[in-house]
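Residue numbers begin at 1 in each chain, while the letters A, B, ... track the order of the sequences.
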There are 2 protein chains.
Amino acid sequence: METRIERIKKQLHSASYKLTPQREATVRVLLENEEDHLSAEDVYLLVKEKSPEIGLATVYRTLELLTELKIVDKINFGDGVSRYDLRQEGAAHFHHHLVCIECGAVDEIQEDLLEDVEAVVERRWNFKIKDHRLTFHGICYRCQAKVEEKTV
Amino acid sequence: METRIERIKKQLHSASYKLTPQREATVRVLLENEEDHLSAEDVYLLVKEKSPEIGLATVYRTLELLTELKIVDKINFGDGVSRYDLRQEGAAHFHHHLVCIECGAVDEIQEDLLEDVEAVVERRWNFKIKDHRLTFHGICYRCQAKVEEKTV
DNA sequence: ATAGTAATTGTTACTTAATATTAATTATAA
DNA sequence: TTATAATTAATATTAAGTAACAATTACTAT
């Protein structure tokens with residue numbers, strides 16, 4: 001955890017940004033809630049718990065900065081809110097998501113899975129892929145279990 | 001074109017909705033700009049050209065309705081605006097997109113390409129897939145050509 | 001250390017996409 | 001025709017995100 005923050009600090013420095021206390025507090029919230037898909041507002045409220053003096057605009061600016069440095073990815077699941085998701089360390093591409101249309105849960109897929117598809121797209125469409133967004137909408141394993149219970 | 005509107009009319013009717021003049025005007029704009037990825041505001045302005053009396057909320061409601069019936073898909077490319085994209089007739093799944101990070105162009109891929117990946121996801125994550133969103137970010141063939149010109 | 005410069009922040013105002021409200025209109029059914 | 005339901009236009013409202021700007025903090029060069 002600490003080492004992860006250290007590495008993020010270095011990433012910022014090599015792009016000539018500083019890891020200010022506000023930025024560190026924001027990064028810590030993201031690390032502590034890595035499983036979730038927090039909106040900027042969510043992050044703001046969580047950061048405020050430990051650093052009440054922080055301003056909303058600073059959180060937005062920090063998230064924008066982290067997005068720019070590919071430390072987090074900004075994603076949109078169709079509700080009107082952008083969400084921020086820490087990238088796995090060293091991951092070249094953004095991971096995928098499973099959005100349950102029953103319960104709204106969002107699960108992550110860290111495996112790439114798209115290598116073959118991307119090779120086809122690069123060749124057939126002559127498109128130089130830099131990143132991707134892949135989200136599946138459907139029924140998660142938990143909700144499938146619930147339906148079975150009812151029908152039994 | 002006319003037959004396509006007829007079929008959309010039937011889809012609406014079988015869900016007990018009417019194809020009002022306002023809804024028809026909106027659908028026509030979507031059909032006439034099938035290549036584009038219009039925002040609700042874009043659609044509103046285009047519909048207004050031919051039906052100046054239409055209200056913005058009606059356009060929003062119509063787009064929401066068409067989304068619900070899977071006639072169009074709502075998509076978000078990261079700018080703060082939702083865009084609406086006609087689904088290919090009979091297509092089970094939403095098509096994919098290529099977003100150019102140089103010029104902003106959005107191209108479409110109508111081929112599925114995800115069949116194998118979806119089979120893996122359904123099995124390994126026990127997730128019942130109903131739909132998907134796949135967008136690649138990168139450099140389109142046009143911008144690649146431009147860079148080559150410069151370096152020659 | 002000190003003055004000066006640049007980066008960063010907090011507050012507040014503002015913009016704008018999208019939704020909610022409501023009265024009026026249109027279509028449908030009895 | 002009268003009543004009922006669906007749909008609409010106009011307007012007000014909400015809320016995510018951005019912009020402006022003065023104040024603070026950090027760094028640089030003397």
Requested in this report: Quick one: do A/H95 and A/E111 satisfy side chain to side chain donor-acceptor pair (under 3.5 Å)? Show the steps, please.
Outcome: CA-CA 7 Å; A/H95 56 256; A/E111 281 84 342; over 6 Å; no
Query raised in the report: Contacts to DNA chain C from residues 73-87 of chain A, heavy-atom cutoff under 4.0 Å, which residues?
Result: none
In whole angstrom, give the distance that lies between atom [atom1] of [X] and atom [atom2] of [N].
{"X": "B/E64", "N": "D/dA6", "atom1": "CD", "atom2": "P", "result": "16 Å"}
{"X": "B/L19", "N": "D/dA6", "atom1": "CG", "atom2": "C1'", "result": "14 Å"}
{"X": "B/L65", "N": "C/dA18", "atom1": "CG", "atom2": "C1'", "result": "17 Å"}
{"X": "A/L63", "N": "D/dT18", "atom1": "CG", "atom2": "P", "result": "10 Å"}
{"X": "B/Y60", "N": "C/dT21", "atom1": "OH", "atom2": "C1'", "result": "17 Å"}

Partners passing salt bridge (charged side-chain N to carboxylate O under 4.0 Å, His left out) against [X] (at least two apart in sequence or in another chain):
{"X": "A/K128", "value": "A/E122"}
{"X": "B/E34", "value": "B/R4"}
{"X": "A/K70", "value": "A/D131"}

Query - Minimum heavy-atom distance between B/C100 and B/C103, given as atom pair plus value - result: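 Nearest heavy atoms, B/C100 then B/C103: SG-N, 3.5 Å.
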Requested in this report: Using distance alone, with no hydrogens and no angle criterion, decide if A/E108 and A/Q110 have a side-chain donor and acceptor under 3.5 Å apart.
Outcome: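 Note: A/E108 and A/Q110 side chains meet the donor-acceptor criterion.
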Query raised in the report: Any luck finding a side-chain donor-acceptor pair between B/D112 and B/H96 under 3.5 Å?
Result: no
Query - Contact list for residues 132-141 of chain A, test side chain to side chain donor-acceptor pair (under 3.5 Å), sequence neighbours left out - result: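 Residue pairs with at least one partner in residues 132-141 of chain A: A/D73-A/R133, A/E118-A/H132.
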Might you list the N or O atoms of the protein lying below 3.5 Å from N or O atoms in nucleotides 6-12 of chain C, with each pair's distance?
unit_1 : atom_1 : unit_2 : atom_2 : d
C/dT8  : OP1    : A/K18  : N      : 3.3
C/dT8  : OP1    : A/R23  : NH1    : 3.2
C/dT9  : OP1    : A/T20  : OG1    : 2.3
C/dT9  : O3'    : A/Q22  : NE2    : 2.9
C/dG10 : OP1    : A/Q22  : NE2    : 3.3
C/dG10 : OP1    : A/E53  : O      : 3.2
C/dG10 : OP2    : A/G55  : N      : 3.1
C/dG10 : OP2    : A/T58  : OG1    : 2.5
C/dG10 : N7     : A/R61  : NH2    : 2.9
C/dG10 : O6     : A/R61  : NH1    : 3.3

